[in-house]
Amino acid sequence: MGSQVNSSQTTYQSIPYHIGIIMDGNGRWAQQRGLPRLAGHQAGVDNIKRILEESVRVGIKVLTIYAFSTENWQRPPDEVRGLMRLLGLTIQRQLNQLNRNGVRILHSGRMEGINEHLQKQIRRAVEVTRDNDRITLNVAFNYGGRAEILDATRRIIQDGIDPDDLTEELFSQYLYLDLPDPDMIIRTGGEWRLSNFLIWQAAYAEYYTTPTYWPDFDEAELHKALVEYSRRERRFGRVPNP
Ligand code: IPE
Ligand code: IPE
Ligand code: MG
């Protein structure tokens, strides 16, 4: 914190280590162009690469991207199938390049409900990239914050943890992944809600929302969010800095 960080375009007081992105607005982006919703999801996937690369340049170390929520199963079956297919195809097409570029891939969410073949592809992507350290791309897929908290609680009970021993730190260790909490949550598409994303981990994250639809969220948009972040004073319940 406090030290000057140079990016390709701007100097920031501080750069978030971990950003969570709620990639919203794919459907409206497509609708605006008279295209099917799935075309919007494809454009959304293409945009991940652009933001990932800029994030590496800027020095962000972890990106958690919300790709499919536990509530998204309630969408029309064709759209759900399309989203599942899109993840499989993306892994198939992009894994080698992501790996060569030093991207570590993680998955946050429930495996139950995802078809066996896609589960295998996800496990493989995580396995193949496990030693990479340029940036971590954590894909929240079949993810829900409440499901994550329930799953953690179940395992805590199964492990017979004494209620007196349960601390926030210990609880965090039972969440899906052992990552530092996100410093900032970005939501594209204009809504001001978390939609069940990282509800435990984002307790003190800086929230940023933009009306821009995810496929249009480019490097300049990311920099706008970073400028806004560097202006925020993170107090964590304390009094302001003198
Ligand atoms: C976000 O875009 C992507 C997923 C939820 C998979 P949407 O599909 O929610 O797009 P809008 O909100 O309908 O525009
Ligand atoms: C949040 O977007 C989930 C993802 C981006 C994967 P939604 O479009 O599903 O959220 P709501 O329905 O507007 O809350
Ligand atoms: Mg949406």
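All ligand and atom numbering here is 1-based and tracks the order in the structure. All residue numbers in this chain count up from 1 along the given sequence.
Summary of contacts: the protein heavy atom closest to atom 9 (O) of ligand 2 is Asn72 ND2, 2.9 Å. Ranking the protein heavy atoms by distance from atom 7 (P) of ligand 1 puts Asp24 OD1, 3.5 Å first. Protein heavy atom at the shortest distance from atom 1 (C) of ligand 1 is Met23 O, 3.0 Å. Counting only heavy atoms of the protein, atom 6 (C) of ligand 2 lies nearest to Tyr66 O, 3.4 Å. For atom 10 (O) of ligand 1, the closest non-hydrogen atom on the protein side is Gly27 N, 2.9 Å.
Under the 4.5 Å side-chain contact rule for hydrophobic residues, Ile105 and Met111 share a cluster. Leu179 and Tyr204 fall into different hydrophobic clusters, where Ile, Leu, Val, Met, Phe, Trp and Tyr residues are linked whenever their side-chain heavy atoms come under 4.5 Å apart, directly or through other members. Note: the hydrophobic cluster containing Ile65 does not contain Val45 (ILVMFWY, side chain heavy atoms under 4.5 Å, direct or indirect links).
Under 2.8 Å from the Mg ion (ligand 3) lies no N/O/S atom of Glu191, from backbone or side chain alike.
Not a single N or O atom of Ser69, backbone or side chain, sits closer than 3.5 Å to an N or O atom of ligand 2. Any N or O atom pair closer than 3.5 Å counts here, and Ser195 shares at least one such pair with ligand 2. Inclusion of Trp29 in the set of residues having an N or O under 3.5 Å from an N or O of ligand 1 is not warranted.
The protein does not reach atom 12 (O) of ligand 2 closely, with no heavy atom under 4.0 angstrom from it.
Under the salt bridge (charged side-chain N to carboxylate O under 4.0 Å, His left out) criterion, the residue pairs touching residues 190-213 are Arg28-Glu191, Glu191-Arg193, Glu206-Arg232, Glu206-Arg234, with sequence neighbours excluded.
Lys224 and Glu221 are joined by a salt bridge, as a carboxylate oxygen and a charged side-chain nitrogen come within less than 4.0 angstrom of each other. Comment: Asp151 engages Arg110 in a salt bridge, judged by a side-chain N to carboxylate O separation of less than 4.0 angstrom. Contact check on Arg81 versus Glu79 returns no salt bridge, with no Lys/Arg side-chain nitrogen under 4.0 Å from an Asp/Glu carboxylate oxygen.
Only the backbone of Phe68 comes within contact range of ligand 2, with a heavy atom under 4.0 Å; no side-chain atom does. Of the heavy atoms in His41, none comes closer than 4.0 Å to ligand 2. Contacts of Ala67 with ligand 2, taken as heavy-atom pairs under 4.0 Å, involve the backbone alone.
When you scan the N, O or S atoms of Asp24 for the one nearest the Mg ion (ligand 3), you land on OD1.
Atom CD1 of residue Ile19 and atom OG1 of residue Thr64 lie 10.0 Å apart, to the nearest 0.5 angstrom.
Comparing Glu191, Arg75, Glu79 against atom 8 (O) of ligand 1, the shortest heavy-atom distance belongs to Arg75.
Each of the atoms 11 (P), 13 (O), 14 (O) of ligand 2 lies under 4.0 Å from some heavy atom of Arg193. Interface atoms of ligand 1 facing Arg28, defined by a heavy-atom separation under 4.0 Å, are 11 (P), 12 (O), 14 (O).
Checked by atom type and distance alone, the side chain of Lys61 pairs as donor or acceptor with a backbone atom of Asp133 at under 3.5 Å. The closest donor-acceptor contact from the side chain of Asn132 to the backbone of Val103 lies under 3.5 Å.
Side-chain contact between Ser55 and Leu222: present, with at least one pair of heavy atoms (C-beta onward) separated by less than 4.5 Å.
In this structure, Gly189 does not count as a contact residue of ligand 1, since none of its heavy atoms falls inside 4.0 Å of the ligand.
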